[in-house]
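Written out below as structure tokens is the structure these notes cover.
A, B, ... follow the sequence lines: proteins, then strands. Residue 1 opens every chain.
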Amino acid sequence: METHQAKRVEITIEAPMERRLTDALQNAGVQGYTITPVVGGSGRSGVWSREGQVGRAGGMVQVICIIRPERLDALLDAAFSVVDRHMGVVCITDCQVLRAERF
Amino acid sequence: METHQAKRVEITIEAPMERRLTDALQNAGVQGYTITPVVGGSGRSGVWSREGQVGRAGGMVQVICIIRPERLDALLDAAFSVVDRHMGVVCITDCQVLRAERF
Amino acid sequence: METHQAKRVEITIEAPMERRLTDALQNAGVQGYTITPVVGGSGRSGVWSREGQVGRAGGMVQVICIIRPERLDALLDAAFSVVDRHMGVVCITDCQVLRAERF
Amino acid sequence: MDGILALAADNLISPIILSFALGVFAALARSDLTVPEAAAKALSIYLLFAIGFKGGVSVADHGIDGTLALSLIAGLILSGALPLLAFFLLKILTKLDTTNAAAVAGHYGSISIVTFVAGTSVLQNAGISSEGYMVAVAAVMEAPAILSALWLVSRGAKNTDMDSALLREILLNGSIVLLVGAFFIGLITGAEGLARIESFIVAPFQGVLCLFLLDMGLVAGRGLRRSRSVLKLGALAFGIIMPLCGAMVGLGAGLAIGLSLGGVVLLMVLSASASYIAVPAAMRVALPEADPAIYLTLSLGVTFPFNLTIGIPIYLAIATAVIGAS
Amino acid sequence: MDGILALAADNLISPIILSFALGVFAALARSDLTVPEAAAKALSIYLLFAIGFKGGVSVADHGIDGTLALSLIAGLILSGALPLLAFFLLKILTKLDTTNAAAVAGHYGSISIVTFVAGTSVLQNAGISSEGYMVAVAAVMEAPAILSALWLVSRGAKNTDMDSALLREILLNGSIVLLVGAFFIGLITGAEGLARIESFIVAPFQGVLCLFLLDMGLVAGRGLRRSRSVLKLGALAFGIIMPLCGAMVGLGAGLAIGLSLGGVVLLMVLSASASYIAVPAAMRVALPEADPAIYLTLSLGVTFPFNLTIGIPIYLAIATAVIGAS
Amino acid sequence: MDGILALAADNLISPIILSFALGVFAALARSDLTVPEAAAKALSIYLLFAIGFKGGVSVADHGIDGTLALSLIAGLILSGALPLLAFFLLKILTKLDTTNAAAVAGHYGSISIVTFVAGTSVLQNAGISSEGYMVAVAAVMEAPAILSALWLVSRGAKNTDMDSALLREILLNGSIVLLVGAFFIGLITGAEGLARIESFIVAPFQGVLCLFLLDMGLVAGRGLRRSRSVLKLGALAFGIIMPLCGAMVGLGAGLAIGLSLGGVVLLMVLSASASYIAVPAAMRVALPEADPAIYLTLSLGVTFPFNLTIGIPIYLAIATAVIGAS
Ligand SMILES: Nc1ncnc2c1ncn2[C@@H]1O[C@H](COP(=O)(O)O)[C@@H](O)[C@H]1O
Ligand SMILES: Nc1ncnc2c1ncn2[C@@H]1O[C@H](COP(=O)(O)O)[C@@H](O)[C@H]1O
Ligand SMILES: Nc1ncnc2c1ncn2[C@@H]1O[C@H](COP(=O)(O)O)[C@@H](O)[C@H]1O
Ligand code: NA
Ligand code: NA
Ligand code: NA
């Protein structure tokens, strides 16, 4: 099966920033992303868990974007503008995709 | 610690197709996979979110398979037969695993 | 944008072992990790799903750690000491991160 | 006529309708108010269980009358036939291609259980009784419409992913199993069973419905906001004309099989309502090329609120006039 | 005898049992009916809170009688000892290895709170009162069985992952803390506290139980479907013989410490029931080599429905006969 | 004085407070007892809907009196002004930097709706009536405090991420929309609407509140366990002194605008309470440098239980004394 080179960018970000991040991505021309839930974690600011929480403040989500390599920089600039002063981890991996015309 | 080369295949697919995909994987001899939830996303067909939804129609899941490199093609053929006409993203990454005998 | 080489370790482990794993990680000096939910899967011990379950026994979670390459071995030793006799998959990928000082 | 207007007004200012409106407003205003998916599913499980159970108890109480079998058959036929009518209307009113038109048509043959519940509570407030087994009729109307929709597509030599697995999924989909199962539990345990769980499934029912409709309003509003562009005027017109036509067909069927006034109204409501849970899932599998934004927005964003607010009082008025006159 | 049969029949056609049956049916038929995990957990939190609270209020009302301490001690001993009996039976009836047999045995020393609730509601329907503190006995019976199971394995020089962290987890596991905590809240606030929250924890209780049992039926049915192969005839027999034997031991203990008829029946039910929440989690940690399919299917798929349907009426009949005769 | 102590004692041993205590205990003991996130959110949706609706019905019943507008204005001013007081106290009592102090201050200008509910139920038990529109006052007090906090930071030439998107998010945040929306639904449908859903939003209310407070106890306890180190003595003192000061300001405002005894107490409670849902989310966006451990622990771990247990009875006592005397 024919596969094509792409980049998988996984951004772990505070839930209250989610809409700002996806808006920034859209503005940077990134139309495809998938949001997955996060139930807890640990970092320099301590351990946290979503259990029993009512508000969105104390939680994070992951936004996963798969894009062509040449568009990576635009995406990272957009993501960085949002993540900058906030908690959040940006992790980029090389990957292969089927149906390259979709990206 | 000794690690072994493997492939990580992450298939984002519409929830109503989940059982069809896992059946196809089983038939192709892929016995190990992990299903993770997806809460929202965006693509060529627009933005969506699982919040408040009752049915499965408007949602996706991720199916993650870790397999030996030599079995990748069989898996992709099986996945593609299901994903083909449907929404869905297939993303393949090189990875290392512990305990290779399990894969 | 400047990126830095790192490792992404994704550990899929039974939910009752979650705290033991994160404790072992902390003891091995790994302070940063993110926990994501798993809703079902299949392996040598059969097919399972979290739907309708009340207890934690019949479920798994994913613990994702992003670390500097040189600290990978310490992390794997810690993870392996917990995963050893238990169900669980450890998958390591090369990745790039922004803001290397955080890892 | 005054009575109808009063009824319609009364209906419009009920907490249930206003909760739906609040949800739509919150979604359109882009508030972050949301009901968690698990909570929405739990509410729907409660509603299906309660509706089915009460229907079963009512049949246990009043006995099965001769029209039960006829009503079930009428339901099957209506569900199978209404998509043809819908398809025809869509071809006249809109420019949708065959696949999309068939997918939409499938939704209108099937039913919305919440619209059905709203119908029963309008009847209740008006002091009109109805056949308890109408719940079972609702259940049998869920699935045939899907087959009709797929037939409409395959007729055009298009490819559908229909197979036996899908057929089993359609017939055994969660909401049908729960509704029918609870119906039989109610039928078997009867008034005694009801007495045990009455303060769970009867007393708080209307309140739970408010929260469920709040959620449906949120989902509908989000859909409307995102799909404004796909809704051309013709499609909008279809979303209002189709339930009216469907209700007329339901009226004819109800009169033909001799249902009571309440039963006739409920059959009209079932015929007029459109699915937004079972059918969309089946369409994603069998007709992946059809655009969900179109069928979901029409069904949940246009027809559902239309029925809930003015549709039901109109159907009741028409049925009262026709049956009173005959 | 007629009375027992009538009671058993009455028990079988209650909405609660039928809801369980519906769940099993839906799972075996591979319907996509599911209860979200969060909803199932919420239901169980409600049930534990309500059960504990009502037990505490009942003790506050009737005062603590002399047998309270004795009952708690009896509970501890039963929970520790029943796994030995179970292990012995398993070695006779099945070919399970030591690890798996010990894991299963641990489940049967511990308890199922829903079986306990079903027991109290059968008593209630029969107009038989029982000691409110039996809830506390249920709580103390959760944990010791786990230690017995681990001892059974370590005796065989096998390795278990028992450590102080696990011990704390077992003793402070969520369901014990909630049950005991709610018991004390009920005890402290008494009838006045109950009056405030009665319409939440008493009136809708049976109805909530229906939905919870629907979910347990779904989980049990899914387990049965997937694990049919692991269930040999010997294991199946164990799943029915063990509760009967356990109930007899419970009967002896109840008589010895002088419980009322209702109390004796509840102690029998506790002894006969098997855990499917706390113990499985502990076993995954301490005995990862034991196969969950075996112990979960036996406990939830065989013993649970057996107790719910015919077990409890049998225990009540036996206790009535024995106590009436003495 | 005796009356107050009795009331305080009575308050302390209510199932609601004890449920909170149970949650804190379970979290500190590291029990794995948890309420799923979706269930916690569902409980809060229920509470907001019920509170808003009942407030609206009460206004529909008693009519709008002249002080409604005054009360809303008072609420807006209090919410905007209290953060200044809080900031001042923080600068005296603690060594927090400007950003953290401003973030904490914002929480104390805003309100906790559960504390408000606890206040209404203490009033109810004491047979004291209050203005139904106090719910609307609660709603208007949610947001202005956030703007004050941001002003406090920007004054120091620090950077805040305030923009129009955030402003819309604050004003249309889910809890405000639901509370105000339900208020209007109650106002429009009145006593008739209430009659329909009373057995859902009135009867089980206190019981649902118990489970919600169990969850809040768990969250607060987990916060306390993890953030013990960040809580210096000065901060702790602030967590108790600030609500007392806030209540005094609220008392003055309530007397000035001529509220009834009950209304004055509720305004005191609102002024004394601190937000832990809407404000934290806004702070994460606008003041990411502020440490959530500080503001959440203070608000939920210190001030919330203080108000719930002894704060409210004290405010009631003071208000009674002052109003009785005048
Ligand atoms: N090295 C890491 N690997 C994976 N997730 C991380 C890592 N560091 C931080 N995170 C996630 O990001 C959140 C915030 O991190 P921090 O800003 O360091 O407190 C944590 O709670 C984790 O969920
Ligand atoms: N480039 C992408 N990266 C990550 N997820 C994607 C991407 N494109 C599509 N998706 C996911 O797949 C779903 C369907 O995509 P589409 O078929 O393009 O509408 C989206 O809603 C996303 O959840
Ligand atoms: N090859 C694999 N790829 C992804 N997940 C796996 C794989 N093998 C096992 N798993 C996950 O690990 C769980 C336990 O595996 P096992 O111990 O093989 O039964 C499965 O239920 C899956 O969730
Ligand atoms: Na219809
Ligand atoms: Na037992
Ligand atoms: Na305040």
Fill in: Chi angles and distances behind the side-chain contact (heavy atoms from CB on, under 4.5 Å) call for D:Asp32, F:Asn173
CA-CA 6 Å; D:Asp32 68 351; F:Asn173 100 57; 4.1 Å; yes

Who in [range] is close to chain D, using a strict under-4.5 Å heavy-atom cut-off?
| range | result |
| --- | --- |
| residues 199-207 of chain F | F:Ser199, F:Phe200 |
| residues 43-58 of chain F | F:Ile45, F:Tyr46, F:Phe49, F:Phe53 |
| residues 174-188 of chain F | F:Gly174, F:Val177, F:Leu178, F:Gly181, F:Ala182, F:Ile185, F:Ile188 |

If we define contacts as heavy-atom pairs under 4.5 Å, which of [options] has the most with chain F?
| options | result |
| --- | --- |
| D:Ala26, D:Ala38, D:Ser19, D:Ala39 | D:Ser19 |
| D:Ser121, D:Ser14, D:Gly23, D:Ala42 | D:Ser14 |
| D:Ala21, D:Ser31, D:Ala40 | D:Ser31 |
| D:Leu209, D:Leu211, D:Ile16 | D:Leu211 |

Worksheet entry | For the student: nearest non-hydrogen atoms of F:Lys41 and D:Pro36, plus distance |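 Closest approach of F:Lys41 to D:Pro36, heavy atoms only: CB-CG, 3.5 Å.
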
Worksheet entry | Sequence neighbours excluded - salt bridge (Lys or Arg N to Asp or Glu O under 4.0 Å) pairs with any residue from residues 191-213 of chain F | D:Asp10-F:Arg196

Worksheet item: Looking only at atom types and distance, does a side-chain atom of F:Thr189 sit under 3.5 Å from a main-chain N or O of D:Ile13, one as donor and one as acceptor?
Response: no

